[in-house]
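The structure appears below as structure tokens.
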Protein chains: 2
Amino acid sequence: MTAPQVARAGSTAGADTARTGTGTGAGEGTGTPAAARDTVAGVVRQWREVHPELDTGPMEVIGRVNRCAALLQQAEDAPLRRAGLSRAEFDLLGALRRTGHELTPGELARETFSSGAAVTKRVKQLTERGLVERRGDTRDRRVAHVRLTEAGRALVDGILPEQLAYEKAVLSALDGDRQGELAGLLGELLSRLEGHMQGLRR
Amino acid sequence: MTAPQVARAGSTAGADTARTGTGTGAGEGTGTPAAARDTVAGVVRQWREVHPELDTGPMEVIGRVNRCAALLQQAEDAPLRRAGLSRAEFDLLGALRRTGHELTPGELARETFSSGAAVTKRVKQLTERGLVERRGDTRDRRVAHVRLTEAGRALVDGILPEQLAYEKAVLSALDGDRQGELAGLLGELLSRLEGHMQGLRR
DNA sequence: AGCAGGTGTTTTACCCGTGAAATTACTGCG
DNA sequence: CGCAGTAATTTCACGGGTAAAACACCTGCT
């Protein structure tokens, strides 16, 4: 969540940069690469016409990641809104549920990739709704502990299967094998990005 | 950009749902799947411990797409901010540059996946900065036409190569072949999502 | 011609997230 | 003990996005 709103609402990616592979890749042999009938392909084509000298390769990847994320999130939000939760709120509740224990605001911020200020606000709202409770730490009075109420736990447990089913349906656009390949490639990229990310901040 | 802020700022994905493949997929043979040392893997593991009966497969894909998008966008924003532009502004300018001709606010909204209201605001700001100009349509006085100024065009052309180089560096975490595979898989998913997306709005 | 209905754009009101400052509290050291 | 330094959390001011309402204008029908 902390990341530039990949998630939240409107979402991002749109007309981003995208490049075609470094020569390798996607072609399936048949006329159109089979996967190339997406918005990003069109955008890349336009850039190539205007700037034929540029290597548009990265756009193909990054543009698609962004756009997929946007669409997937949009889809995912539907079931949540029906339960009256925003994605950010669900993420917070989910963090509490999956860790199985109380978390401090700071931990929640790290866990949900959002700012401390955002956590403060969300916790306040969720407390008012009776989904979450807070208590001060007895030793260190600076810190607070947030935990799910019974209602909160029930809400998460009720939504989660629905959410997963919905995601499964959306992903069915890709067969099982491809989903696995995709998860693998993304995981590889992700683990390296998360590793030496700070090193690239020019 | 219109999509639910995959992009923008704080970014989203965080503690999202993610599933492990449907049996196929990522394993490389060696102990840890090689790609499984990312944040998402940990989150999925937690969910599985708490809800062993649920199929966490979709999380593996969707969670990673979201998280990758968040990190990539965060990285991409760096070069833009140095030029004093937000990603949304750059997308708008980029749409004008790559299409090569004037666009109406409505077209800009569609092209950048954002709301009309957002376009109105951005165009106003960019006009004040002298990067863009607007003129009313002579036939239909409801519509406006927005075009790049010379300064705007120069700015985009100056930033783009830098942006692409930066993206290329970030993606170098994956070798060329894998980038191609990834682009292919994402393109396939994306084209189907974009196709029958509206059909899933329960 | 005149108006009902539709379309393109802007305005309005509001929500939500952020960074920086403020607040409160702990800790180690002289 | 008392204070400088640091840490956890909240408050503040603001930017940017959205949906819905308001506008302005066109078009087709009678």
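In the text below, chain A, chain B and the rest are named by the order of the sequence lines, each starting its count at 1. As a basis for the values below, the full set of heavy atoms in this structure was taken, side chains included, without hydrogen atoms, waters or symmetry mates.
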A:Thr120, nearest nucleotide to its side chain (from D:dT10, C:dC26, C:dT18):
D:dT10
Nearest listed nucleotide, side chain of B:Ala88, among D:dC26, D:dG17, C:dG19
D:dG17
Does a side-chain N or O from A:Gln125 land closer than 4.0 Å to OP1 or OP2 of C:dC15, or not?
no
Heavy-atom closest pair, residues B:Leu171 and B:Gln179:
O-NE2, 3.2 Å
Kindly point out which of D:dT9, C:dT18, D:dT10 is positioned nearest to the side chain of A:Thr104?
D:dT9
Report the distance from atom CZ of A:Arg153 to atom CG of A:Leu131, rounding to the nearest 0.5 Å.
13.5 Å
Output yes when at least one side-chain N/O atom of B:Arg122 is less than 4.0 Å from OP1 or OP2 of D:dG17, else no.
yes
So if I take every side-chain heavy atom of B:Asp140 and compare against D:dT18, D:dC26, C:dT11, which nucleotide ends up nearest?
D:dC26
Looking only at the side chain of B:Val143 (C-beta and beyond, no hydrogens), which of the listed nucleotides C:dT11, C:dC26, C:dG8 gets closest?
C:dG8
Considering only heavy side-chain atoms of B:Arg141, the closest of D:dT18, C:dT11, D:dC26 is D:dC26
Picking from D:dA19, D:dT6, C:dG8, which would you name as closest to the side chain of A:Arg142?
D:dT6
When you check the phosphate oxygens OP1 and OP2 of C:dC26, does a side-chain N or O of A:Arg139 lie under 4.0 Å from one of them?
no
